[in-house]
Amino acid sequence: MADVVVIGAGAVGCATALHLKQAEPSLDVVVVEPDYTYARAATGKGTGGVRQLFTRPENIWLSQYTLDAIEDWENWGAVDGKLAPELNWRANGYMFVVGKHDRDTLAANFETQQNNGVVAEWLDQKNLADRYPELVTNDLAAGVLSTRDGWLDPKVFFSVLRAKADATGAAFVADRVVDLAQDGTRVRSVALASGQVTTAEAVINTAGVDAPDLAAKVGMHIPVEPMRRHEHYIETSADVDHLPFVKDVHGLAVHAFRHGVSVGLVDFDYPGGEDFTVDPTDYTNRVHPALLERFDGLGKLTLRDSWTGLYDQNRLDGNMIIGNWPGHLDNFFVACGFSGHGFMHALGVGRGLTELALHGEYQTLDLSRMGYQRILDGKRYGEEGVR
Ligand SMILES: Cc1cc2nc3c(=O)[nH]c(=O)nc-3n(C[C@H](O)[C@H](O)[C@H](O)COP(=O)(O)OP(=O)(O)OC[C@H]3O[C@@H](n4cnc5c(N)ncnc54)[C@H](O)[C@@H]3O)c2cc1C
């Protein structure tokens with residue numbers, strides 16, 4: 001018997017356990033995770049980018065909540081009397097760049113961002129060329145630079161998050177949820193691969209790419225599938241340490257990493273399914289040409305490493321789905337479909353899930369527009385322009 005069962009101990013599951021126990025220390029919180037090496041999990045495969053450059057206010061607010069923790073790292077990252085480990089936080093900012101076709105969208109998003117507390121700078125083509133001589137700007141119309149943003153070592157951040165959740169007394173068990181038992185509008189218990197059955201007052205499904213299969217067991221149909229995503233480490237002969245995290249509308253994402261850059265070019269049309277294969281042509285045919293189209297001042301480029309991970313891609317609108325199935329399931333909450341934004345949003349999502357589970361409604365950030373109702377209604381609530 002548990003008060004709350006959390007399914008999956010990735011970034012979102014750990015953040016949920018942490019917030020549940022912080023809100024109510026006497027709660028009996030059980031986190032179920034089959035693989036503490038996180039071989040398939042998205043957590044740990046990410047690039048650690050944290051940005052406020054979103055179109056939807058909820059995504060901006062969630063990033064701001066995480067930035068507060070990062071900027072208070074010395075305190076936030078110290079657990080059980082141990083000093084906070086080096087986070088490698090690089091507050092170089094995030095910069096979105098667009099051509100003339102997407103300029104108006106960028107301008108509208110810039111306004112939304114400013115209205116939601118983002119300190120950002122509008123850069124025209126000349127500003128971009130003057131400030132970043134290594135950038136190819138002849139096809140660019142404008143850029144927006146958000147100076148508070150940056151990137152960190154996601155493994156370090158996650159190790160602290162996990163340790164903080166552990167320190168609260170949440171129980172982390174090594175097992176897999178294989179079934180859910182429903183009683184009217186409530187999920188009564190979870191069945192584990194070990195044969196154990198745990199009853200719970202609330203069940204929170206933070207199982208990443210496996211969240212939809214679990215939700216389907218109680219009739220929730222979630223348009224989220226695993227989508228392979230490559231990342232490449234490229235050594236550069238030029239010094240690129242001053243560059244912000246640069247993204248363009250084609251999905252190219254470039255940031256300084258080790259002795260060069262880490263680069264991804266998201267292929268949103270890549271078919272869904274669990275696929276971790278590293279395809280060398282992703283670099284030769286897609287990333288290398290795209291990088292040369294956007295930068296001509298990186299010097300000699302040498303590919304040093306390539307890896308893949310899975311996005312839990314929301315095929316409806318590329319944004320997360322958080323909450324229960326209104327009117328049908330009262331105590332079963334889902335958070336998935338992060339589509340590449342989940343690490344930077346995990347903390348705020350964990351807090352939101354805690355509020356839903358304990359109070360039945362949001363108490364800090366209202367994330368209801370990100371709920372399951374829009375899926376049922378087929379209403380997109382996605383990002384516009386650079387995603
Ligand atoms: C290459 C790449 C780059 C990325 N870059 C960024 C970035 O820069 N910034 C950013 O914010 N995000 C980024 N992301 C996305 C981010 O990594 C994810 O959104 C985030 O880690 C998702 O965390 P999660 O806890 O929801 O899922 P996961 O980390 O996948 O965790 C889910 C857990 O659930 C467990 N589980 C599954 N089934 C069951 C079951 N039946 N019972 C119990 N447990 C189960 C799994 O074992 C897993 O550990 C990137 C992702 C990739 C792949």
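Order of listing sets the numbers, starting from 1, for every ligand and every atom in it.
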task = Return the option from A42, C336, G49, G350 holding the heavy atom at the smallest distance from atom 7 (C) of ligand 1.
result =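 Answer by nearest heavy atom: G49.
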query = Quick one: does E134's side chain get under 4.5 Å of L243's, heavy atoms only?
reply =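 In contact.
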query = Are side-chain heavy atoms of E293 and L252 found at a separation under 4.5 Å?
reply =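 When only atoms from C-beta onward are counted, L252 and E293 do not touch, as no gap falls below 4.5 Å.
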For ligand 1, is any non-hydrogen atom under 4.0 Å from [X]'s backbone (N, CA, C, O), its side chain (CB onward), both, or neither?
| X | result |
| --- | --- |
| W151 | neither |
| T43 | both |
| F343 | both |
| T308 | neither |

inquiry  = Within ligand 1, which atoms have a heavy atom of L310 less than 4.0 Å away?
reply    =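 Per the distance check, 53 (C).
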So for ligand 1, is [X] a polar contact partner (N or O within less than 3.5 Å, distance only)?
| X | result |
| --- | --- |
| V12 | yes |
| G340 | yes |
| A11 | yes |

Closest protein heavy atom (residue, atom, distance) for [atom]:
| atom | answer |
| --- | --- |
| atom 3 (C) of ligand 1 | G46 CA, 3.4 Å |
| atom 44 (N) of ligand 1 | P34 CD, 3.1 Å |
| atom 52 (C) of ligand 1 | Y311 CE1, 3.7 Å |
| atom 48 (C) of ligand 1 | E33 OE1, 3.4 Å |
| atom 36 (N) of ligand 1 | A207 CB, 3.9 Å |

query = What's the verdict on side chain to side chain contact (heavy atoms under 4.5 Å, CB included) for L123 and R131, showing C-alpha distance, side-chain angles and the deciding distance?
reply = CA-CA 9 Å; L123 301 168; R131 201 176 295 189; 3.5 Å; yes
Side chains of [X] and [Y]: donor-acceptor distance under 3.5 Å anywhere?
| X | Y | answer |
| --- | --- | --- |
| D175 | Q196 | no |
| H345 | S63 | yes |
| D330 | T185 | yes |
| T137 | Q125 | no |

inquiry  = Using a strict threshold of under 4.0 Å (side-chain N to carboxylate O), is an ion pair present between D282 and R229?
reply    =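 Not counted as a salt bridge, because no side-chain N and carboxylate O are separated by less than 4.0 Å.
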query = With under 30° as parallel and over 60° as perpendicular, where do the rings of F257 and W307 fit, or are they tilted in between?
reply =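 Correct class here is tilted.
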ask   = Non-hydrogen atoms of I7 versus ligand 1: any pair closer than 4.0 Å?
value =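 The answer is yes: ligand 1 sits under 4.0 Å from a heavy atom of I7.
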inquiry  = Using heavy atoms and a 4.0 Å limit, tell me yes or no: is R40 in contact with ligand 1?
reply    =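 No, R40 has no heavy atom closer than 4.0 Å to ligand 1.
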ask   = Within 45° of the axis and under 6.0 Å from the centre of the six-membered ring of Y38, does NZ or CZ of R162 qualify?
value =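 Cation-pi check for R162 and Y38: fails.
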